[in-house]
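Whatever order the structure lists ligands and atoms in, that order sets their numbers, starting from 1. Just so you know, these numbers use all the heavy atoms, side chains as well, and skip hydrogens, waters and symmetry mates. If you read the sequence from its start, that first residue is 1, and numbering goes on from there.
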Amino acid sequence: MIDPQTLAARFPAEFLFGVATASFQIEGASKADGRKPSIWDAFSNMPGRVFGRHNGDVACDHYNRLEEDLDLIQSLGVDAYRFSIAWPRVIPDGTGPINEKGLDFYDRLVDGCKARGIKTFATLYHWDLPLTLAGDGGWTARSTAYAYQRYAKTVIARLGDRLDAVATFNEPWCSVWLSHLYGIHAPGERSMDAALHALHYTNLAHGLGVQAIREAQPELPVGIVINPMHVIPGSDSEADRQAAERAFDFHNGVFFGPLFKGAYPESVLSAFGARMPAVEPEDLAIISQPLDWWGINYYTPMRVAHDPAEGAEFPATVSAPPVSQVKTDIGWEVFAPALGDCIRTLNARYDLPACYITENGACYNMGVVDGVVDDQPRLDYIADHLQVTADLIAEGYPMKGYFAWSLMDNFEWAEGYRMRFGIVHVDYDTQARTIKKSGHWYQALAKAHSAAASA
Ligand code: FCB
């Protein structure tokens, strides 16, 4: 087991250790104080979409347990908390009236963090789009980007003075491809044309959001959280290497290109240009405004091979087998070196700002036995990825912080509550929280780091 003290010494004093959550996954109280449904409320109540038809009605009941959960975060000794704000609490119909009670909740959350000496990293959009907007086309409609801009402006006007950082979006790959092309996440569409629209309007919304945030709060560090794929060719063959290049463009280039170079990848334009929505003259300039930071969410690498099927649609790849047989309970290959290589590759290809690891963690479903949760594999997973992070710092990469996903077990999207990522266990019958072995270890790490930093 990696000694937390020794590991802590590898991180500079200003490095932040944090924990992360997202609104829909933990809050519950789905009808409280004026909140209206999001696309995830609708999706999770449709048959066959989410495991066991689990939904977000109660979740971790965090909305009603805010103070005790903030105490829990404080007890972990971490520097920062990454949470997301639910658009359907703040502007329940997406456009139209602002719901002050929804904002009040986040006011209490932010003040509660400040009172406990915890830095606040807010994500404006972690997938809970107000359902009313879906009626207008959701992310496939350009109007949603402007609705998002107003929402961003509303949140920052109220909370911006007390935030330490803000992210416009969480993992646009998921809210674009996984939601509109692969049909796994809400709204569950399977259409390349719809997905290409969602792609451009999400990118545009990001840029419009950055404008709104900077106008309201010029000093607030603004960024975006992306889950870049570390694409590894399944073999050394030229065909597989080219497949990996195409996959890189399709999964990463469509976000990093517009954001950091002001252009979509050539390969994607030549495959889909005619099917993309109109890109207005100003759009790419709006999308590519310089950012103060970016966040990487990393769990597992993507291994691809060339898809030999006749007429296979771009990027024309199939999955290649994992090299490591070690998998978490959700079936994701454990391969820590890919985190390092992903950061190296992206920095070589784009001019990137400071970086936080905004999510990293592992799914292991062991429960409480005699009051204890022995989740050694999660502890090892986090420790190994932190070693890689420390290596990156030693190489000179601007890695500024690490947020464990997740503070506590929660609603794992299409997997419902059966997949657990928390460093704190949640008993969904009693809502009891039990710090797991990994949580105690992370606490020791964070405390050792703070002690050394203040010495
Ligand atoms: C990421 C999501 C996060 C969580 C983890 C396991 O894709 O951002 O909400 O579900 O995966």
Proximal atoms of ligand 1 relative to W413 (non-hydrogen, under 4.0 Å) = 3 (C), 4 (C), 9 (O), 10 (O)
When the aromatic ring centroids of H180 and W139 are compared, is their separation below 6.0 Å?
-> no
Which class fits the ring pair H385 and Y381: parallel under 30°, tilted 30 to 60°, perpendicular over 60°?
-> parallel
Candidates E359, E171, M419; heavy atom nearest atom 3 (C) of ligand 1 found on E359
Nitrogen or oxygen atoms of N170 and ligand 1 under 3.5 Å apart = yes
Check: S179 side chain, A186 main-chain N or O, donor-acceptor pair, under 3.5 Å = yes
Spell out, as yes or no, whether a donor-acceptor pair under 3.5 Å connects the side chain of S406 to the backbone of A20.
-> yes
Could you tell me the residue and atom name of the protein heavy atom closest to atom 5 (C) of ligand 1, and the distance to it rounded to 0.1 Å?
-> Y299 OH, 3.3 Å
Mark up the atoms of ligand 1 that fall under 4.0 Å of a heavy atom belonging to F421, in ascending order.
-> 6 (C)
Can you tell which part of F24 has a heavy atom less than 4.0 Å from ligand 1: side chain, backbone, both or neither?
-> neither
Only one of F403, Y81, W405 clears side-chain contact (heavy atoms from CB on, under 4.5 Å) with V19; which?
-> Y81
What atoms of ligand 1 come within less than 4.0 Å of a heavy atom belonging to Q25?
-> 3 (C), 4 (C), 9 (O), 10 (O)
In plain terms, say whether D283 and R142 are close enough for a salt bridge, that is, a side-chain N and a carboxylate O under 4.0 Å apart.
-> yes
Looking at atom 10 (O) of ligand 1, what's its closest protein heavy atom, distance included?
-> E412 OE1, 2.7 Å
Would you mind running through ligand 1 and noting each atom that sits below 4.0 Å from a heavy atom of H126?
-> 2 (C), 3 (C), 8 (O), 9 (O)
K114 NZ: over 12 foreign heavy atoms closer than 6.0 Å = yes
